[in-house]
Structures are given as C-alpha cells and as structure tokens.
Amino acid sequence: GSEMGGLVEILLTQHQELCMDKYGNYVMQHVVEHGHAQQRQVIVDTFLSKMVFFCNNKYASNVVERALVCVHDSRQLLLQAMLNFSG
C-alpha cells in the first residue's frame, strides 16, 4: 500500500549505499523487481552513470544483474553502458 511506497521512497534516498551493502543489496533487488517504474528508474539511472563501479562491487553487481533481468525497458541502455566502458 501507500505505507510501503513511502518506505521505498525513503530507502531510495540511500540506494547507492544499499546496493553496495551485504544485506541492503537484497532490498534493492526487490525494489528493482517489484517497485514502480519510477522507483526502478532511480536505481537504473545511477547504474547508467557509474556502471563499471557498480559492476565491480560484490553486492551491487547482484542488483545490476537483477536490473538486466527485470527492467526490460532499460535493458538495452544498461548493456550499452557496459559495452561503452573501454578502460
């Protein structure tokens, strides 16, 4: 309900830290899989701006993987961000 939506909005203010956390990454995976489109987009936009950083993090990489599987409308952008890295 609306209480859960409010909780997710609060969690999203710390989504970068939660993605990289041993336990928080599971919460962010759940948001990526079950959240509203705008909630998922907050996480995807962060990944697009710092893809290599998140892919190389033990816990955040799990959230990136979940985004690739679950966020169909952003899959191409996420893959392109991975392929564009040339360092």
Side-chain angles (χ1 to χ4, degrees):
S2 63
E3 293 139 6
M4 187 60 74
L7 176 60
V8 172
E9 295 304 319
I10 292 168
L11 291 171
L12 284 175
T13 65
Q14 301 295 317
H15 71 279
Q16 291 187 46
E17 293 83 0
L18 287 168
C19 284
M20 296 182 291
D21 183 76
K22 183 176 185 178
Y23 302 107
N25 82 90
Y26 293 106
V27 176
M28 291 297 98
Q29 287 183 58
H30 187 82
V31 173
V32 165
E33 187 169 353
H34 301 287
H36 299 297
Q38 64 269 28
Q39 295 167 336
R40 292 192 306 263
Q41 197 62 47
V42 169
I43 298 169
V44 167
D45 287 346
T46 298
F47 289 160
L48 291 173
S49 67
K50 301 177 183 176
M51 181 59 77
V52 174
F53 176 76
F54 286 106
C55 284
N56 285 315
N57 180 274
K58 178 178 182 176
Y59 303 112
S61 62
N62 296 324
V63 188
V64 173
E65 181 179 354
R66 184 62 53 107
L68 285 168
V69 171
C70 297
V71 187
H72 303 288
D73 53 342
S74 296
R75 183 178 295 145
Q76 284 300 119
L77 289 172
L78 289 165
L79 290 171
Q80 194 62 46
M82 289 178 183
L83 293 173
N84 284 343
F85 178 70
S86 60

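Computed from a predicted model, the values in this text were never measured in an experiment.
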Hydrophobic clusters here meaning ILVMFWY residues chained together by side-chain heavy-atom distances under 4.5 Å, can you tell me if [X] and [Y] are in one?
X: Leu68; Y: Phe53; result: yes
X: Val52; Y: Tyr59; result: no
X: Tyr26; Y: Met20; result: no
X: Val27; Y: Leu7; result: yes
X: Leu79; Y: Val71; result: yes

How long is the gap from [atom1] on [X] to [atom2] on [Y], to the nearest 0.5 Å?
X: Asn25; Y: Phe54; atom1: CG; atom2: CZ; value: 12.0 Å
X: His34; Y: Gln29; atom1: NE2; atom2: CD; value: 10.0 Å
X: Lys50; Y: Asp45; atom1: NZ; atom2: CG; value: 12.5 Å
X: His15; Y: Gln39; atom1: NE2; atom2: CD; value: 12.0 Å
X: Leu83; Y: Gln76; atom1: CG; atom2: CD; value: 9.5 Å
X: Glu65; Y: Cys55; atom1: CD; atom2: SG; value: 10.0 Å

Counting heavy atoms not belonging to Glu17, are there more than 12 under 6.0 Å from its CD? yes

Any side-chain heavy-atom pair from [X] and [Y] closer than 4.5 angstrom?
X: Phe47; Y: Cys19; value: yes
X: Met28; Y: Leu11; value: yes
X: Leu77; Y: Val44; value: no

Donor-acceptor under 3.5 Å (Thr46 side chain, Val42 main chain): yes

Is a side-chain N or O of Arg40 found less than 3.5 angstrom from the main chain of Glu33, in a donor-acceptor match?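 Side chain of Arg40 to backbone of Glu33: no pair is present.
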
Does the pair Met51 and Asn84 meet the rule for a side-chain contact (heavy atoms from CB on, under 4.5 Å), with working shown? CA-CA 10 Å; Met51 181 59 77; Asn84 284 343; over 6 Å; no

